[in-house]
Amino acid sequence: MANQNRRVLLKRRPTGAPTTADFEIAEAPLPDPAAGEVLVRGIYLSLDPYMRGRISGARSYAKPVDIGAVMEGRVVGEVVHSRDPGVRDGDYVVGGYGWQLYSAVPAKGLVKLDPAEAPLSTALGVLGMPGLTAYVGLSEIGRPQMGETVVVSAASGAVGAVAGQLAKRAGARVVGIAGGADKCRYVETELGFDSCLDHRSADLGAALDPACPNGIDVYFENVGGAVQQAVFSRLNDFGRMVMCGMVAEYNDVEPRPGPNLMAVVRKRLKIQGFIVGDQWQRWGEYRAMAAPLVRDGTLKYREDIVDGLDNAPAAFIGLLQGRNFGKLLVRLSSDPTRRG
Ligand SMILES: NC(=O)c1ccc[n+]([C@@H]2O[C@H](COP(=O)([O-])OP(=O)(O)OC[C@H]3O[C@@H](n4cnc5c(N)ncnc54)[C@H](OP(=O)(O)O)[C@@H]3O)[C@@H](O)[C@H]2O)c1
């Protein structure tokens with residue numbers, strides 16, 4: 001075990017796109033767990049688009065990270081020193097331990113992971129918060145029916161990949177939208193979407209028409225911006241827009257004008273946002289459904305793993321520009337359960 005901790009702190013609130021100068025990497029003493037606490041060595045740190053909101057000063061549904069505080073984030077780790085009889089050294093856990101190598105956390109309420117159930121890293125992606133997000137958004141808002149057309153943006157990403165695969169399982173025709181030929185090829189050939197369109201190509205709207213000959217019944221919205229505009233005007237009567245996120249707009253300094261909402265009345269559309277944090281009680285139900293599908297290979301996922309805590313700020317900045325390909329994780333230390 002190291003005798004120092006290493007942490008990424010928020011140095012200042014960015015205006016527009018964040019830069020690495022907005023973060024500070026700092027050494028700190030190794031946390032000393034009190035009675036009833038455990039010391040966790042981080043293995044994987046999850047980097048997620050919502051973190052852009054946490055480093056902004058704007059009012060939101062969650063409290064922002066304070067200047068000088070450790071960046072917020074979910075981590076899978078190993079207990080290396082337990083001071084609680086209910087937790088053993090060597091237990092694997094997942095929780096919001098932040099962008100740091102070690103953390104001392106209360107044993108009460110710890111969520112343990114069984115590496116025999118699924119690879120540890122999946123607790124941050126396909127079987128974790130992003131997977132649950134796809135499940136909740138689709139089952140509560142999108143509700144795709146057999147034969148309907150579902151469009152999913154950021155389709156190769158952590159949420160989009162699951163949303164599209166679940167929509168396929170519901171019998172829908174599923175069209176992905178992703179950035180670049182490699183991502184689109186993956187979405188079609190590996191994830192099994194019916195087709196995938198590159199939003200960087202010249203005219204997304206013109207490409208959507210032949211890909212969705214019967215219009216669009218459900219749009220699982222992950223990016224906003226020009227993609228949203230192209231999809232919105234093609235929604236069918238009684239269409240549903242699952243407002244999951246708008247990552248393409250997170251670095252905007254001024255909010256962009258939205259679509260004209262008369263179409264919502266005329267087409268009787270349903271547009272509903274949701275925050276997965278309101279639905280953690282459904283995590284067990286989701287894992288029970290999805291873990292066997294991950295184990296037998298029917299629910300596919302891809303991870304983009306960056307090595308080393310010091311590379312977290314740059315990787316996070318890249319996430320907001322579409323540089324990740326799959327669920328973005330930072331390897332904080334070696335995963336004892338993974339070979340190679
Ligand atoms: N409501 C909730 O509770 C909740 C929970 C989790 C996530 N979310 C939202 O779900 C969305 C996807 O999150 P994720 O974790 O699955 O991330 P992700 O899709 O794995 O990664 C983000 C992707 O967004 C796309 N993107 C980034 N910047 C873009 C830009 N400027 N223009 C167009 N596309 C851009 C890129 O994909 P392409 O290169 O393919 O465009 C990038 O790979 C985000 O909007 C996130 O905020 C919401």
Side-chain angles (χ1 to χ4, degrees), residues 16-18 45-56 60-62 72-74 121 124-126 128-142 151-166 175-188 191 193 196-201 204 219-231 241-252 256 271-280 282-283 286 301-306 315-330:
L45 163 69
S46 177
L47 295 180
D48 299 270
Y50 77 82
M51 293 165 174
R52 181 64 186 84
R54 297 290 196 281
I55 61 175
S56 127
S60 188
Y61 60 89
E72 182 181 321
R74 286 178 72 74
S121 55
L124 299 172
V126 62
M129 181 279 280
L132 177 63
T133 301
Y135 180 65
V136 165
L138 216 57
S139 61
E140 295 194 358
I141 304 170
V151 171
V152 180
S153 51
S156 71
V159 174
V162 177
Q165 290 181 86
L166 294 183
V175 176
I177 299 175
D182 287 349
K183 288 184 180 180
C184 284
R185 198 172 314 111
Y186 167 75
V187 167
E188 288 178 359
L191 301 181
F193 289 26
C196 186
L197 309 174
D198 182 356
H199 65 81
R200 295 201 205 124
S201 63
L204 179 62
Y219 176 40
F220 198 103
E221 169 65 299
N222 284 322
V223 303
V227 174
Q228 182 186 89
Q229 281 183 27
V231 174
M241 231 165 125
V242 184
M243 294 303 298
C244 178
M246 294 180 24
V247 61
E249 304 190 19
Y250 291 174
N251 286 332
D252 287 1
R256 298 183 204 187
I271 303 179
Q272 188 179 330
F274 71 106
I275 297 296
V276 69
D278 298 335
Q279 305 280 348
W280 271 116
R282 297 191 70 189
W283 193 36
Y286 171 66
Y301 66 98
R302 179 183 172 116
E303 296 171 335
D304 186 339
I305 302 182
V306 171
F316 171 64
I317 290 162
L319 176 73
L320 300 170
Q321 299 162 352
R323 285 213 294 267
N324 63 306
F325 188 174
K327 170 63 206 150
L328 183 58
L329 299 171
V330 176

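We count ligands from 1, going down the list as the structure has it; atoms in each ligand are counted the same way. Bear in mind the structure is a predicted one, so any value in this text is a computation, not a measurement.
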Checking the N or O distance criterion of under 3.5 Å, is ligand 1 in contact with [X]?
X    : result
A158 : yes
I275 : no
K183 : yes

Report the nearest protein non-hydrogen atom to [atom]: residue, atom name, distance rounded to 0.1 Å.
atom                    : value
atom 10 (O) of ligand 1 : N222 OD1, 3.3 Å
atom 8 (N) of ligand 1  : C244 SG, 3.6 Å
atom 28 (N) of ligand 1 : L320 O, 3.0 Å
atom 19 (O) of ligand 1 : G157 CA, 3.3 Å
atom 43 (O) of ligand 1 : N324 OD1, 2.7 Å
atom 13 (O) of ligand 1 : P49 CG, 3.6 Å
atom 16 (O) of ligand 1 : V159 N, 2.7 Å
atom 24 (O) of ligand 1 : V247 CG1, 3.3 Å

Determine whether [X] and [Y] make a side-chain contact, defined as any pair of heavy atoms from C-beta on separated by less than 4.5 Å.
X    : Y    : answer
Y286 : V162 : yes
S139 : R282 : yes
Y219 : V227 : yes
Y301 : Q165 : no
K183 : H199 : no
E140 : Q272 : no
F274 : V242 : yes

Please confirm whether the backbone N or O of [Y] pairs with a side-chain atom of [X], one donor and one acceptor, at under 3.5 Å?
X    : Y    : answer
D198 : G180 : yes
S153 : N222 : yes
D304 : G326 : no
K327 : V159 : no

Give a yes/no verdict on whether any heavy atom in [X] is under 4.0 Å from an atom of ligand 1.
X    : answer
H199 : yes
Y250 : yes
E249 : no

Nearest option to atom 40 (O) of ligand 1, as decided by whichever heavy atom of A161, C196, G179 sits closest: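 Heavy atom nearest to atom 40 (O) of ligand 1 belongs to G179.
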
By number and element, which atoms of ligand 1 are closer than 4.0 Å to a non-hydrogen atom of [X]?
X    : result
M246 : 45 (O)
F274 : 1 (N), 2 (C), 3 (O)
A178 : 40 (O)
T133 : 2 (C), 4 (C), 5 (C), 6 (C)

To check you understand the geometry: which heavy-atom pair defines the closest contact between W280 and M129, and what is its length?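 Minimum heavy-atom separation between W280 and M129: CH2-CB, 3.8 Å.
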
Minimum heavy-atom distance between G125 and P130, given as atom pair plus value: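 The pair with the smallest heavy-atom distance is O-CD, 3.5 Å.
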
P130 contact mode with ligand 1 (heavy-atom cut-off under 4.0 Å):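 For P130, no heavy atom sits under 4.0 Å from ligand 1.
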
Below 4.0 Å, non-hydrogen atoms only: which portion of M129 touches ligand 1? Side chain, backbone, both or neither.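 Near ligand 1, M129 shows its side chain, while the N, CA, C and O stay back.
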
